[in-house]
Amino acid sequence: IVLMFTLHLFFQVDKFLYHMRLSDENLMDVSKRFRREMDKGLGRDTNPTAAVKMLPTFVRSTPDGTETGDFLALDLGGTNFRVLLVRVSSNGKQKVEMENQIYAIPENIMRGSGTELFDHIAECLANFLEKLGIKDKKLPLGFTFSFPCQQTKLDESFLVSWTKGFKASGVEGRDVVGLLRKAIKKRGDFDIDIVAVINDTVGTMMTCGYDDHHCEIGLIVGESLSYILRQLDLVDGDEGRMCVNMEWGAFGDDGALDDIRTEFDREIDAGSLNPGKQLFEKMISGMYIGELVRLILVKMAKDGLLFQGHTTPDLLTTGHFQTSFVSAMENKKSGLVSAEQVLRGLGLDPSPEDCVATQRVCQIVSTRAAHLCAATLAAVLRQIRDNKAAERLRTTVGVDGSVYKNHPQFARRLNKMVRLLVPDCDVRFLRSEDGSGKGAAMVTAVAHRLAKQHAERQRILNTLRLSRDQLLEVKKRMEEEMNRGLAKKTHATATVKMLPTFVRSTPDGTERGDFLALDLGGTNFRVLLVRVRSGKRRSVEMHNKIYTIPQDITQGTGEELFDHIVHCIADFLEYMGMKGASLPLGFTFSFPCHQTRLDQGILIKWTKGFKASGCEGEDVATLLKDAIHRSEDFDLDVVAVVNDTVGTMMTCGYEDPQCEVGLIVGTGTNTCYMEEMSNVELVDGDEGRMCVNMEWGAFGDRGELDDLCTEFDRAVDDQSTYPGKQRYEKMISGMYLGEIVRNVLLDFTAKGLLFRGKLSERLKTRGIFETKFLSQIESDRLALRQVRSILQHLGLTSSTCDDSILVKEVCSVVSKRAAQLCGAGLSAVIDKIRLNRGLEKLSITVGVDGTLYKLHPHFATIMRETLRDLAPNCEVTLAQSEDGSGKGAALITAVACRLRDAGNPSINIL
């Protein structure tokens with residue numbers, strides 16, 4: 001009977017408050033509306049008209065547990081304020097110790113001048129420091145200032161308007177940090193470093209973030225909410241994340257909630273100090289829950305549904321039904337007793353039925369508040385999940401506020417509804433203790449840590465950054481080494497060998513025929529059939545197949561290597577239906593060679609990880625011919641042995657007669673160019689020009705680059721196949737850039753500057769950080785979450801957004817240096833051609849090939865800018881070569897065959 005009676009009462013109250021009871025569908029709709037409001041608040045163009053302002057806080061990181069030191073905090077948000085000393089230590093275990101003192105702000109100061117207010121705060125701060133005997137120390141301070149502010153920097157915040165009874169003049173529109181600094185400076189008896197000014201919600205998030213690194217949302221129930229977010233148009237820059245102070249109390253001020261607001265919500269708003277403002281706050285916050293219940297009780301009494309139709313002056317008085325009464329009435333054990341006591345305290349004589357009905361009203365009002373809070377929080381969780389592109393989000397919400405902490409059912413209802421609305425989010429709710437004060441200290445501690453770490457990282461990265469003077473010095477030294485390589489007297493000791501190629505002309509358009517080309521410059525090589533057509537329908541048609549050289553063959557004997565190559569050529573001829581054919585062949589052999597004829601190349605030394613024995617000092621054309629004879633499958637006429645840079649220059653020269661330089665920036669790097677014969681002392685004759693293969697990768701092998709080499713370059717060199725060799729190439733080419741980055745990351749991690757000091761086993765593996773990762777990471781189109789996926793592939797599964805930003809910066813610094821060094825070397829080549837020809841201005845084309853140049857998003861631009869800066873009298877066109885090395889070898893062979901067929905007795909001079 002009692003149960004039926006209670007249910008009947010509940011039915012009556014529920015019917016009366018039908019519009020206050022929101023279904024799951026209603027709440028999902030509210031959540032979607034709030035998400036739209038968030039987007040408006042985040043957009044630069046839409047923010048001015050947005051109700052939810054999404055204010056940037058300039059807090060970009062949460063604690064990582066390595067923060068240490070002593071920090072001051074000042075917590076001002078009401079008539080009392082606190083000064084705290086927070087000691088943070090992490091000797092194997094995170095620990096926070098706090099000492100604090102509460103100071104009052106007299107009403108005359110609250111309503112006086114801003115100068116008086118901040119002088120009073122400075123005096124209290126001085127008193128606190130003196131009590132603790134630390135007045136002589138300059139400590140970092142975090143300032144929790146819980147009033148509406150427009151923040152422009154972490155340590156700069158302009159008061160928009162006073163609330164909570166404050167009316168100090170001359171403060172609105174001013175920077176509160178500047179006012180506090182001025183008051184402290186005026187005293188002159190102590191000094192502090194004000195590092196950060198924050199809102200209390202940010203403090204809550206940071207306090208909980210110290211204990212739980214998954215915490216990226218701070219919630220003070222009924223006031224405002226903050227959370228960490230990546231996309232923020234209101235602030236310049238789009239990398240990383242920033243904590244946003246949502247100021248969500250204004251949700252609905254533009255009419256977005258009009259259909260779910262009740263007559264009681266409208267009555268509360270009409271009687272408030274700010275009608276039409278903070279409408280969402282008036283539906284959920286502790287300041288209004290009690291008043292909502294009072295208005296409902298009055299209406300029900302007047303309708304004869306409660307208290308036998310009676311009211312009392314206390315019940316009719318605004319503010320007399322406190323939110324704490326609601327909490328007391330919903331206590332499962334003593335709720336009805338509390339209801340009777342509260343109602344009698346208001347001068348009423350309630351029946352048991354009145355007490356039950358009043359308790360039900362409290363349940364409906366507080367449940368709506370919890371569920372509306374859950375709906376908006378669900379929108380935030382979905383935003384974070386979408387930002388991270390995660391199928392499931394695991395996160396922690398740091399919560400503070402009297403309603404959440406004191407109401408016996410609020411937390412449970414909020415948590416349950418959040419899980420219902422966002423089932424794909426695993427959410428932990430963590431209650432904050434000393435949130436705002438301790439949080440200000442934690443923001444300061446994080447800022448202090450980040451500043452120290454940033455300074456150390458920049459000190460390290462600065463060793464990889466080159467000034468213009470350094471680049472000019474590289475250009476000068478390259479010019480000197482080029483001259484040494486060209487001169488017969490100094491050639492033997494020169495690092496830049498300037499090898500004659502015996503290529504003295506580019507195609508004239510009359511070449512025709514079918515030619516084979518073999519392109520060997522790395523662990524993959526190509527065999528090509530090139531059909532050259534002359535006349536009006538001048539064209540080059542190509543067919544090719546790529547083959548792999550296994551590592552055991554690159555490290556085996558020369559006979560095994562060239563037998564493997566010949567086997568692949570035979571396979572290609574069969575693939576093309578040309579088994580047994582005999583064609584002229586051009587051999588692109590991209591290793592340092594000494595040439596005395598076009599069809600001969602004496603290997604000086606292996607590079608790029610090759611170590612096949614019995615090849616160095618031998619003619620590679622002869623080694624290839626011997627292997628062909630051993631196979632007895634076919635016969636070929638090896639007409640030309642060329643370097644890939646020469647092939648690139650010839651390919652671009654076929655399209656552009658101004659192309660007189662070839663550059664490769666891929667696995668390795670090298671350059672060739674047309675030099676005056678009078679300067680090529682290794683070859684007789686002074687007439688005309690000859691293409692010189694610079695082999696510039698060895699620049700620096702005599703110590704010319706030692707002052708620019710970093711510890712990371714030395715580590716890469718020490719671990720390489722040929723320590724001390726190809727020093728310039730090891731600072732530029734794709735084979736080594738990833739390894740340089742890996743060594744920087746190892747150093748940063750060992751010093752606790754990255755990945756929270758925790759290395760993955762995979763990152764310790766030499767060569768695991770491929771150069772293609774640099775191109776991917778530095779792509780402007782790649783979001784940070786995709787950078788994280790690369791890091792996760794390297795075993796760094798717990799890497800953060802901040803880690804991704806830092807890895808991107810390291811990649812950017814390393815690749816920029818490579819492009820600048822390449823540009824500096826190329827400027828020496830271009831300027832030498834200009835000076836050779838006695839020109840004030842030179843217009844020239846450089847044919848470029850190589851995966852690093854082609855695939856890296858910024859390499860070409862940086863190299864071009866460096867070239868323009870260091871060779872201002874040269875107008876340089878960079879022409880990207882397609883199939884340069886293979887096609888170029890065929891074209892050189894075609895030119896040689898043309899001249900031979902025309903009766904030229906020598907194929908060594910084209």
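Hydrogens, waters and symmetry mates are skipped; everything else that's a heavy atom, side chains included, is used.
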Residues which pass salt bridge (charged side-chain N to carboxylate O under 4.0 Å, His left out) with Asp119, listed by chain and number, not counting sequence neighbours
Lys186
Close side-chain approach of Phe147 and Val160, heavy atoms under 4.5 Å
no
What's the shortest heavy-atom distance between Pro275 and Asp269, and which atoms?
CA-OD1, 3.4 Å
Regarding Gln12 and Asp14, is there a side-chain donor-to-acceptor distance under 3.5 Å anywhere?
no
The reported gap from CG in Asn80 to CD1 in Ile102 (rounded to nearest 0.5 angstrom) is 6.5 Å
Under a 3.5 Å threshold, yes or no: a donor from one side chain and an acceptor from the other, between Asp314 and Thr312?
no
Is there a side-chain contact between Thr395 and Lys388 (heavy atoms, below 4.5 Å)?
no
Should we say atom CE of Met20 is surrounded by more than 12 heavy atoms from elsewhere, each under 6.0 Å from it?
yes
Heavy-atom side-chain contact between Glu156 and Gln151 under 4.5 Å
no
Can you check side chain to side chain contact (heavy atoms under 4.5 Å, CB included) on Arg82 and Tyr103, steps first, answer last?
CA-CA 6 Å; Arg82 285 193 305 161; Tyr103 294 91; over 6 Å; no
Give the C-alpha distance, both sets of side-chain angles, the deciding distance and a yes or no for salt bridge (Lys or Arg N to Asp or Glu O under 4.0 Å) between Glu330 and Arg413.
CA-CA 13 Å; Glu330 289 195 61; Arg413 292 170 187 158; 2.7 Å; yes
Return the CZ to CG distance between Arg428 and Asn415, rounded to the nearest 0.5 Å.
12.0 Å
Check the pair Lys153, Val197 against side chain to side chain contact (heavy atoms under 4.5 Å, CB included), reporting the backbone distance first and the verdict last.
CA-CA 9 Å; Lys153 291 189 290 191; Val197 57; over 6 Å; no
Hey, is Asp29 close enough to Arg33 for a salt bridge, meaning N to O under 4.0 Å?
yes
Value for CD1 (Ile289) from CZ (Arg368), rounded to nearest 0.5 Å, stands at 9.0 Å
Under the salt bridge (charged side-chain N to carboxylate O under 4.0 Å, His left out) test, which residues partner Asp211, sequence neighbours left out?
none
Which residues share a ring pair (Phe, Tyr, Trp, His ring centres under 6.0 Å) with Phe325, sequence neighbours left out:
Phe321
Going through the checks in order, is the side chain to side chain contact (heavy atoms under 4.5 Å, CB included) test met by Ile192 and Ile184?
CA-CA 8 Å; Ile192 55 172; Ile184 292 168; 3.5 Å; yes
Does the pair Glu291/Arg294 count as a salt bridge with the N-to-O cut at 4.0 Å?
yes
So which atom in Pro148 and which in Ser161 form the shortest heavy-atom distance, rounded to 0.1 Å?
CD-O, 3.5 Å
Verdict with reasoning, Leu295 to Ile268, per side chain to side chain contact (heavy atoms under 4.5 Å, CB included)
CA-CA 8 Å; Leu295 291 174; Ile268 271 202; 3.3 Å; yes
Is Leu315 close to His320 at the side-chain level, that is, under 4.5 Å between some pair of heavy atoms?
no
Find out whether Asp24 and Met417 are in side-chain contact, i.e. whether some heavy atom of one side chain is under 4.5 Å from a heavy atom of the other.
yes
Min side-chain heavy-atom separation Val418-Val422 under 4.5 Å
yes
Can a salt bridge be assigned to the pair Arg385 and Asp424 using a cut-off of 4.0 Å between side-chain N and carboxylate O?
yes
Decide, yes or no, whether a salt bridge links Asp265 with Lys282 under the criterion of side-chain N to carboxylate O below 4.0 Å.
no
Between Arg394 and Glu216, does at least one N-O distance fall below 4.0 Å, as a salt bridge requires?
no
Within the 4.5 Å heavy-atom criterion, are Lys299 and Leu305 side-chain neighbours or not?
no
CZ/Arg174: more than 12 non-hydrogen atoms of other groups inside 6.0 Å:
no
Shortest non-hydrogen pair, Leu279 vs Gly252, comes out as CD1-O, 3.4 Å
Please list, chain by chain and in numerical order, all residues satisfying ring pair (Phe, Tyr, Trp, His ring centres under 6.0 Å) with Phe16, sequence neighbours excluded.
none
Could you check whether any side-chain heavy atom of Thr144 comes within less than 4.5 Å of a side-chain heavy atom of Ser146, counting everything from C-beta outward?
yes
Please name all residues satisfying ring pair (Phe, Tyr, Trp, His ring centres under 6.0 Å) with Phe410, sequence neighbours left out, ordered by chain then number.
none
Between Pro408 and Asn331, what is the shortest heavy-atom contact and its length?
CG-N, 3.8 Å
The reported gap from CG in Asp259 to CG in Asn26 (rounded to nearest 0.5 angstrom) is 8.5 Å
Please report the interatomic distance CG(Asp254) to OG1(Thr49), rounded to the nearest 0.5 Å.
8.5 Å
Might you point out which heavy atoms bring Ser31 and Ala375 nearest each other, and give the distance in Å?
OG-O, 2.8 Å
May I have the list of side-chain donor-acceptor pairs in residues 336-343 shorter than 3.5 Å, sequence neighbours left out?
from: Ser338; atom 1: OG; to: Ser334; atom 2: O; distance (Å): 3.0
from: Glu340; atom 1: OE2; to: Arg344; atom 2: NE; distance (Å): 3.1
from: Glu340; atom 1: OE2; to: Arg344; atom 2: NH2; distance (Å): 3.2

Between the SG atom in Cys425 and the CD1 atom in Ile384, the distance rounded to the nearest 0.5 Å is 8.5 Å
Mind listing the closest non-hydrogen atom pair of Asp39 and Gln383 along with its distance?
OD1-OE1, 3.8 Å
